[in-house]
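First the structure, in the form of structure tokens, and then the observations on it.
For clarity, every value in this text was computed on a predicted model and none was experimentally measured.
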Amino acid sequence: MADLDHWIDIAKQCKYLPENDLKKLCDYVCELLLEESNVQPVSTPVTVCGDIHGQFYDLEELFNTGGQVPDTSYVFMVSTGTIVL
């Protein structure tokens, strides 16, 4: 998706996405998640993180400390399941 990198840059600047773009992003993420299996293989090395409760700035700090995706692999433990990046 061509706009994805642009949207990530906007978020990293702590700016809000326009509502229309945010809806497109949510639709795109939903499509990706529906394609994923509920069991994911995880290759080592991997950094295991606790639930960040949707806190974007905590996620940014984790990436600044541990390394950016895809250079570092992460597993996030969340109350509704596990997210693998």
Side-chain angles (χ1 to χ4, degrees):
M1 173 167 266
D3 295 323
L4 186 58
D5 289 332
H6 177 67
W7 294 335
I8 291 170
D9 288 338
I10 290 172
K12 284 183 175 181
Q13 296 172 29
C14 302
K15 296 180 181 176
Y16 293 111
L17 289 176
E19 184 177 349
N20 210 19
D21 289 343
L22 184 58
K23 169 123 176 55
K24 289 178 192 174
L25 177 60
C26 289
D27 290 342
Y28 176 68
V29 170
C30 284
E31 288 176 24
L32 288 177
L33 291 175
L34 287 172
E35 293 175 7
E36 294 290 326
S37 168
N38 63 348
V39 176
Q40 291 293 315
V42 178
S43 300
T44 57
V46 64
T47 301
V48 179
C49 303
D51 192 340
I52 60 171
H53 302 283
Q55 299 301 310
F56 180 75
Y57 302 111
D58 291 345
L59 177 66
E60 279 292 302
E61 187 60 30
L62 282 168
F63 289 166
N64 288 335
T65 302
Q68 296 290 317
V69 174
D71 299 327
T72 303
S73 296
Y74 291 92
V75 172
F76 288 89
M77 309 307 279
V78 296
S79 58
T80 58
T82 302
I83 299 172
V84 178
L85 296 176

[atom2] on [Y] to [atom1] on [X], rounded to 0.5 Å:
X	Y	atom1	atom2	result
L17	I10	CG	CD1	5.0 Å
L62	Q55	CG	CD	11.5 Å
Q68	E60	CD	CD	6.5 Å
E61	D58	CD	CG	8.5 Å

Kindly give the heavy-atom pair with the smallest separation between [X] and [Y], and that separation in Å.
X	Y	value
C14	Y57	SG-CE2, 3.2 Å
W7	K24	CH2-CB, 3.7 Å
S73	P45	CB-O, 3.8 Å
F76	G50	CD2-O, 4.1 Å

Above 12 or not: heavy atoms from other molecules or residues under 6.0 Å from CD of E19?
no
Are L33 and L22 co-members of a hydrophobic cluster defined by side-chain heavy atoms under 4.5 Å apart?
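Shared cluster, yes.
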When you group the ILVMFWY residues by side-chain heavy-atom contacts below 4.5 Å and let the links chain together, are L32 and L4 in the same group?
yes
Name the orientation class of the two ring planes belonging to F63 and Y74 (parallel below 30°, tilted from 30 to 60°, perpendicular beyond 60°).
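Tilted.
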